[in-house]
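Starting from 1, each residue takes its place in the sequence as its number. What you see is a predicted model, and the numbers here were worked out from it, not measured in a lab.
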Amino acid sequence: MGGCECQRDVLVDEGPEIERPTMAEINPHAERPYTHFPSDLHTQDVSLNKFIEKALTICEEGDYDSFRQLFGTAYTPTEQKAFERVWHNVRDIRVINLKSDKKKQKVYYLHAVVRLRKPDKKERQRGDLVIIIFKEAENWRLGPAPKEIVNQVLEIDEESENAEKRSILNTS
């Protein structure tokens with residue numbers, strides 16, 4: 001005799017949670033990271049500027065679902081637990097440089113300085129973040145910049161910063 005072997009009392013997986021609350025909604029009294037994208041670094045491409053501003057707002061709000069959607073398909077975003085931990089510890093994110101890739105069209109490298117509320121495990125309170133921003137299927141996306149590019153960007157920006165400091169000292 002045949003019979004149904006279904007288990008009606010088994011819980012059904014309803015899939016991923018839709019519209020998860022942001023960290024700012026979960027912790028309305030928590031201090032949010034401050035972000036800054038100076039207008040003198042804006043490009044003539046308004047869509048790129050808006051993408052960067054949107055990404056920074058997502059970081060301020062702690063919106064993990066939107067954060068994941070910023071990444072290109074070849075990149076794996078930070079896991080949610082790590083994202084939440086970082087959100088609580090970041091004091092501010094300041095974009096200090098945005099440069100186009102001379103060899104590739106619609107590819108940019110963004111350098112930001114991230115300051116922490118308290119030192120990390122390596123006793124650092126400041127870090128440099130270099131990301132690649134590029135067009136994928138007509139949408140702006142981001143990912144971690146390749147190591148060799150990170151080194152070049154940091155070296156160029158450090159030289160520029162040192163030259164600026166020397167200039168200030170010479171005019172005083």
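Linking ILVMFWY side-chain heavy atoms closer than 4.5 Å, directly or via other members, places Leu110 and Val107 in a single hydrophobic cluster. In this structure, Val150 is a member of the same hydrophobic cluster as Ile93, with clusters built from ILVMFWY side-chain heavy atoms closer than 4.5 Å. Following chains of ILVMFWY side-chain contacts shorter than 4.5 Å, one can reach Phe37 starting from Leu142, so the two form part of one hydrophobic cluster. Placement of Tyr108 and Tyr75 within a single hydrophobic cluster is found when ILVMFWY residues are connected by side-chain heavy-atom separations under 4.5 Å, directly or transitively. Cluster annotation: Val90 is not connected to Ile96 through the hydrophobic network of ILVMFWY side chains, with a link wherever side-chain heavy atoms come within less than 4.5 Å.
Looking only at atom types and distance, the side chain of Asp45 has a donor-acceptor partner in the side chain of Ser47 under 3.5 Å away. His36 and Asp92 are not linked by any side-chain donor-acceptor pair at a separation below 3.5 angstrom, with hydrogens and angles left out of the test. In the model, Gln80 has no side-chain atom that pairs as donor or acceptor with a side-chain atom of Arg68 under 3.5 Å. No hydrogens or angles considered: nothing links the side chains of Gln152 and Glu148 as a donor-acceptor pair under 3.5 Å.
The structure places NZ of Lys54 at 6.5 Å from OG of Ser66, a figure rounded to the nearest 0.5 Å. Atom CH2 of residue Trp140 and atom CD1 of residue Ile133 lie 7.5 Å apart, to the nearest 0.5 angstrom. Interatomic distance, CD1 of Ile58 versus CG of Asp63, reported as 6.0 Å (0.5 Å rounding). Going from atom CZ of Arg94 over to atom CZ of Arg91 covers 10.5 Å, rounded to the nearest 0.5 Å. Taken to the nearest 0.5 Å, the CG atom of Asn49 stands 8.0 Å off from the CG atom of Leu98. Rounding to the nearest 0.5 Å gives a distance of 10.5 Å between CG of Asp157 and CD of Glu155.
Crowding of Lys99 atom NZ: a count of heavy atoms from other residues, nucleotides or ligands under 6.0 Å not exceeding 12. Other residues, nucleotides and ligands place no more than 12 heavy atoms under 6.0 Å from the CD atom of Glu158. Heavy atoms from other residues, nucleotides or ligands lying under 6.0 Å from CD of Glu79 number 12 at most.
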Worksheet entry | Audit row: Asp101, Tyr109, side chain to side chain donor-acceptor pair (under 3.5 Å) steps and yes/no | CA-CA 7 Å; Asp101 188 318; Tyr109 300 102; 2.8 Å; yes

Worksheet entry | side-chain contact (heavy atoms from CB on, under 4.5 Å) evaluation trace for Leu129 with His111 | CA-CA 6 Å; Leu129 173 66; His111 178 192; 6.0 Å; no

Discussion item. If you apply the rule side-chain contact (heavy atoms from CB on, under 4.5 Å), what do you find for His42 with Lys50, and how did you get there?
Written reply: CA-CA 9 Å; His42 287 207; Lys50 286 184 178 185; over 6 Å; no

Discussion item. Using side-chain contact (heavy atoms from CB on, under 4.5 Å), reason through Leu70 and Arg141 one step at a time and then give a plain yes or no.
Written reply: CA-CA 5 Å; Leu70 296 172; Arg141 296 288 182 236; 5.9 Å; no

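Using a 4.0 Å cut-off between charged nitrogen and carboxylate oxygen, Lys118 and Asp120 do not count as a salt-bridge pair.
Ser160 places no side-chain N or O within donor-acceptor distance of the main-chain N or O of Ile156, the cut-off being under 3.5 Å. Judged by distance alone, the side chain of Glu84 and the main-chain N or O of Lys81 form no donor-acceptor pair under 3.5 Å. Side chain of Gln125 to backbone of Arg115: no donor-acceptor contact under 3.5 angstrom is found.
Ring pair Phe71/Phe67 is perpendicular by interplanar angle, where above 60° counts as perpendicular and below 30° as parallel.
Here the closest heavy-atom approach between residue Pro33 and residue Trp87 is recorded as CD-NE1, 3.4 Å. Pro144 approaches Ile132 most closely through the heavy-atom pair O-CG2, 3.7 Å. Closest heavy-atom contact between Thr22 and Glu61: CB-O, 3.3 Å.
The side-chain heavy atoms of Arg32 and Met23, taken from C-beta on, include no pair separated by under 4.5 Å.
Applying the side chain to side chain donor-acceptor pair (under 3.5 Å) rule to Arg117 yields the partners Glu31; only residues at least two apart in sequence or on another chain are considered.
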